[in-house]
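Here's the structure we're looking at; comments come further down.
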Amino acid sequence: MKRKDRMSFGAVRVRFAPSPTGYLHVGGARTALFNWVLARQAGGAVVLRVEDTDRSRHVEDSVGKILDDLRWLGLDWDEGPDVGGDHGPYFQSHRLDLYTGHVQRLLDSGDAYYALETPEELAALRGDAKERKGVLKYQRPDPLPTVEQGLAARADGRLITVRFKMPERDIVVHDEVLGEVRIPREELEDFVIQKNDGGPTYHFACVVDDELMNITHVLRGQEHLMNTPKHVAMQEALGFKTPVYVHLPLIFNMDGSKMGKRDKEKAIKAGLEPPEIDVHDFRAAGYLPEALLNFISLLGWSPGDDREQMDLAETINRFTVSRVGAANAKFDRDKLVAFNTDWAARVDAERSLEALRDFAHVSGSPLAGADDKTLAHLLRACAGMRTFRDVENKSAFLFVEDDSIAYDEKAVRKVLAKNEGAGFAMLDTLLSTLRDLDSWEADLIDGALKAICESRDLKLGAVAQPLRVAVTGTTVSPPIQDTLVLLGRERTLKRIEIAGKQKAPA
RNA sequence: GCCCCCAUCGUCUAGCGGCCUAGGAUAUCAGGUUCUCAUCCUGAAGACACGGGUUCGAGUCCCGUUGGGGGUGCCA
């Protein structure tokens, strides 16, 4: 309803155009977010278009995964493969006839021509150029192959391409953040618009679709800046409108390298935890989409004041293309963790539970087997968590058998055995106290433990820590009374008894 | 190589010629709170890449240098 209110004619139309080669990258998510925000604030439409023109790079089920992660982020779309729309189909691989028709138009108007070189010939030329420490610049054949020659070659079974004839002038790109960017004619060459398998190249499909889908604003990574003159030239030749271009600064690792799959492979090879790169990685690592979105929204954009913590609604309210920066950014994971910590403390219990469930499901955590009551309690007991991974770590004790707890050697030594077994002795006291408790509630347990402290003039740590090590095997768990309530009286007592036997390690 | 883009604390950024002895966040360091971990609180330290201009006045405008990035595919 709200969207309708702000509806204006000639509304903004943006697109997400993922290529199905894997999961959704954080950089792609930032691009999607900015596009989405722009459309939503203008009451416009978001189109989801799958750019699958390169079959060789296609990854099975990639589309499903990308859409799923987009949904997890809370970004939706008005037209797309799953929801349909008036400008479909939304897979480029289903739009081949459209591209062929437009290639023909350019061929007819003389703005494109058949190019007869084979990939091998071009590769050889590139090799030569490289030896002369240069790069190949495609030289337009003179005279141009005629249409007859092209057709004859094709009839002959030869695989040939179609190239766009670049106009003989500089091209000026108007970018909302970079201003006017002039690319000298000498830098532009005739590029392929139709591959030798008859399919369109990215550039061509993109230009045709943006026109046919009525896209008004294109927000994309700065790596596309040098593609834009090609697009603009084609738009002119085809009589298409040129959308508003916004080239977003790029996002890198802290060391300035590219954030890519390679980082994961490298880390695994080195025996380290792979870093999160794709949206799905962050999801499985226990981040809230609210936090991730908030964090990446501030990469290359700022609301202009000291405000940082913003939800999607506020981002929609405050976003302006004019405040998008031009300088590349580095992805600071520490700051993301800090954002997540704040968000985790802020979202309500219901939302938190829902998000925890998603985390458990996606990450294959043992938490997935727990009931809502347990999870809700865990969430309360883990207040102050950084990510859901903290909840998982702190609740691991719940998911091991009582008799197969791995007692941390150091913990046993420091907390139980030290001071002539003071901790072990405490366990005996605890065993009887807890066994005789009227009921198994947090307050009662807390009171009982404090009573022990008072009567013996001890700090709570002297009681809670031995107990914690006894029932979890480690020194880290939720607050002790929560740990015990979660575990239940029976298992607690059993574990204390078992822990007593750690006195004389075999 | 050539073309294009960029340049404020370690990092994300505010700053759009005087309001800047440059603000916030995060990270770091030092204290404090706490039954563990985490959270939380207080404080400290920390930047206009360099060189020329323009101007009464420059972090803010111009040029150059250096540095970083992108592009240079029948990938997207």
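Per chain, numbering begins at 1; letters A, B, ... match sequence-line order. Computed from heavy atoms alone, side chains included, the values below leave out hydrogens, waters and symmetry copies.
- In a base pair of the Watson-Crick type (N1 to N3 plus N6-O4 or O6-N4) or a G-U wobble (N1-O2 and O6-N3), with each distance short of 3.5 Å, C37(B) is matched with no nucleotide.
- In this structure, D54(A) and G461(A) both approach RNA chain B, and ranking their closest nucleotides by distance from the 5' end singles out G461(A).
- Evaluation of atom-type donor-acceptor distances gives no pair under 3.5 Å for the side chain of K330(A) against the base of C12(B).
- In this structure, A49(B) and U65(B) make a Watson-Crick or G-U wobble pair, each of the two defining distances being under 3.5 angstrom.
- A58(B) makes up no base pair with any nucleotide shown, lacking Watson-Crick or G-U wobble contacts both under 3.5 Å.
- Donor-acceptor pairing under 3.5 Å, judged by distance alone, is absent between the side chain of N328(A) and the base of G70(B).
- On a pure distance criterion of 3.5 Å, a polar donor-acceptor pair joins the side chain of E308(A) and the base of G24(B).
- Contact of Q481(A) with C35(B) (side chain to base): a donor-acceptor pair of N or O atoms is detected under 3.5 Å.
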Legend entry - Trace of the side-chain hydrogen bond (donor to acceptor under 3.5 Å, both in side chains) decision for D408(A) with T474(A): CA-CA 6 Å; D408(A) 178 57; T474(A) 73; over 6 Å; no

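- Looking at D332(A), its side chain has no donor and acceptor atom pair within 3.5 Å of the base of C12(B).
- Taking the six-membered ring wherever Trp is involved, the centroid distance between the rings of F191(A) and H203(A) falls below 6.0 Å.
- With a 3.5 Å ceiling on both atom-pair distances, the Watson-Crick or G-U wobble partner of U28(B) is A44(B).
- Distance noted for atom C1' between G59(B) and C9(B): 13 Å (whole Å).
- Side chain N227(A) to base A76(B): a donor-acceptor pair is found below 3.5 Å.
- Residue R323(A) places at least one side-chain N or O closer than 4.0 Å to OP1 or OP2 of G15(B).
- A distance of about 16 Å separates the P atoms of U60(B) and U55(B), rounded to the whole Å.
- Using modelled atom types, no side-chain atom of W440(A) and backbone atom of L434(A) make a donor-acceptor pair closer than 3.5 Å.
- Ring centers of Y202(A) and H224(A): under 6.0 Å apart, within the cut-off.
- At a cut-off of 3.5 angstrom, counting only N and O atoms as typed in the model, there is no donor on one side facing an acceptor on the other between the side-chain of K335(A) and the base of A27(B).
- Remark: C19(B) base-pairs with no nucleotide in the shown strands. Criterion, Watson-Crick or G-U wobble with two distances under 3.5 Å.
- Few gaps surround CG on D348(A); more than 12 heavy atoms of other groups in view lie less than 6.0 Å from it.
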